[in-house]
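In what follows, chains are A, B, ... by sequence order, proteins preceding strands, each numbered from 1.
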2 protein chains.
Amino acid sequence: MARTDAIHESEIPTKSRGVQELSEIEQQILDYMVQYLRANTFQPSIRDIGERFEIKSTKTVSEYLQALEAKGYLERHPSRSRGVKILGVDLGGDAVSVPCFSSIAVATSGDASPESLLSLDPQFGSREGSFLVRAKAGELGVLGVSEGDLVLISPIELGELEDGAVIVIGSSDAASFFRFLRSGSSFSFEDLKPGGRTTVSEQPASTGLVGRVAGFYRKMDEVGSLNLTPH
Amino acid sequence: MARTDAIHESEIPTKSRGVQELSEIEQQILDYMVQYLRANTFQPSIRDIGERFEIKSTKTVSEYLQALEAKGYLERHPSRSRGVKILGVDLGGDAVSVPCFSSIAVATSGDASPESLLSLDPQFGSREGSFLVRAKAGELGVLGVSEGDLVLISPIELGELEDGAVIVIGSSDAASFFRFLRSGSSFSFEDLKPGGRTTVSEQPASTGLVGRVAGFYRKMDEVGSLNLTPH
DNA sequence: CTACTGTATATATATACAGTAG
DNA sequence: CTACTGTATATATATACAGTAG
């Protein structure tokens, strides 16, 4: 029941202000398809859609689906029954569930429960095992990250790391940000703390690579969180 | 892919107390069906299942489904294609689906299809009707936004706007960013383009408020996208 | 009995064709 | 032109039938 509202309020983007217009009925059909899918675990047939909207010809419904496909909301396949691929719908399967911690120390300590749990589209760079930490003042200033920003850290293998990537190295009692520098077969790690120095290492086995900074998000809900001074 | 583990760990309850135990293959088939549904938004056909498990006769697969139905995990309907009702599965539905456009001009033009559709947790500030645009160089530099960042724009009413909020004002042919300034009962809009000026307005009816900048995300997958110069 | 193969068949379903109305 | 109706048709698909192997 809880979720019913959200579905009725059209979870598929209305593209608010004239953005990529769906007609009223196109939007309703798309919403119906998602609602039906969620409720039944299978899709409505074109006939089901027609019945719902009192459209008597399957051709007409098919044309609406064609319009939705042209506008990028669907992908169809000739003759696949109840088999439209609805794009941009989260069925709970591919979004990664990402815990959010108040600091990187807390996140890596191993025994803290997350501040919250968000679902993050993998397109943002999240993987299985990713987590978010709230940035402290100055912690990642060189990357344009401000205090309070949510920094996404995704697990990675040393072999996957590109030169220049920002990584987290830590143990259970301390963790911090480094820039990874690759020169030939040896690596070095530049401490990103103000005044931090470069450490050279060839044996990365025990360095405790937690992950790599995959991105960050700054939420601008309170004006106070805006950075009003140009820099 | 992301939650594949979770699925393989079998999200479908085994009905705890010896009640109707599933055989190994029955469990695998059920998991596959859910996994497939999540990935594609439509169900696998009996033939799809057969292919996956190298079972060559549709009859055999059908018998497994019959067994799953008898044990209370499914409800079937004669001859409904890709239309098994899978019981006890949560198909999600709380994340907001957000279209992503290459620029704010494209987003507000009304006839562009989105670059992609991402699902965004409402905790990031997304609402029904929100969308993402890729920032152009300098466009929102004062906020710390760099070229290529994904800027989240969420619909908002004028009455909800706080003093200092960054908003998008536009028509179908042009749109840009402004800072909203409230002084008593009158508003002013400071153009955020370099060298932009402040416009005072008391009649907001026709201003074309598209939405408010609710946040931005910077993905750091390529080193080139990192802002290496401190500012 | 279970666990299949392999073929045949009924049908649900998407699509195509031929129109009509405004 | 859009927004349909109504019929016909190809086909994807679920099911049934007839077996085989262990």
Contact check, side chains of B:Arg218 and B:Ser146, non-hydrogen atoms, under 4.5 Å: yes
Working for side chain to side chain contact (heavy atoms under 4.5 Å, CB included), residues A:Phe216 and B:Phe216: CA-CA 8 Å; A:Phe216 70 91; B:Phe216 70 91; 3.7 Å; yes
Distance in angstrom units between B:Glu75 CD and D:dA14 P, rounded: 17 Å
Nucleotide D:dA12, atom P - distance to CD1 of A:Ile46 in whole Å: 15 Å
Whole-Å distance separating the CD atom of A:Glu24 from the C1' atom of D:dA3: 16 Å
Distance-only donor-acceptor test (3.5 Å): side chain A:Arg76, base C:dA14: no
Electrostatic pair B:Lys59:B:Glu63 at N-O distance under 4.0 angstrom: yes
B:Arg82 vs D:dT13: side-chain N/O to OP1/OP2 distance below 4.0 Å: yes
Nearest-Å distance for atom pair CZ/P, residues A:Phe42 and C:dA12: 14 Å
Closest to side chain of A:Lys56, choosing from D:dA14, D:dT5, C:dG6: D:dT5
A:Gln43 CD - C:dA12 P separation (whole Å): 19 Å
Pair A:Phe53 + A:Tyr32: ring centers closer than 6.0 Å: yes
B:Arg80 side-chain N/O to C:dT13 phosphate OP1/OP2 under 4.0 Å: no
Contacting residues from residues 58-69 of chain B, given that a heavy atom lies under 4.0 angstrom of DNA chain C: B:Lys59, B:Thr60, B:Glu63, B:Tyr64
Whole-Å distance separating the CD1 atom of A:Ile55 from the P atom of D:dT2: 16 Å
Which nucleotides of DNA chain C pair, in dot-bracket form (Watson-Crick or G-U under 3.5 Å, | meaning another strand): ||||||||||||||||||||||
Lys/Arg-Asp/Glu bridge criterion (N-O < 4.0 Å) met for A:Glu115, A:Arg134: yes
Upstream residue (5' side of DNA chain D) when A:Glu54 and A:Arg47 are each assigned their closest nucleotide: A:Glu54
CG on B:Asp121 to OG on A:Ser97, rounded to 0.5 Å: 9.0 Å
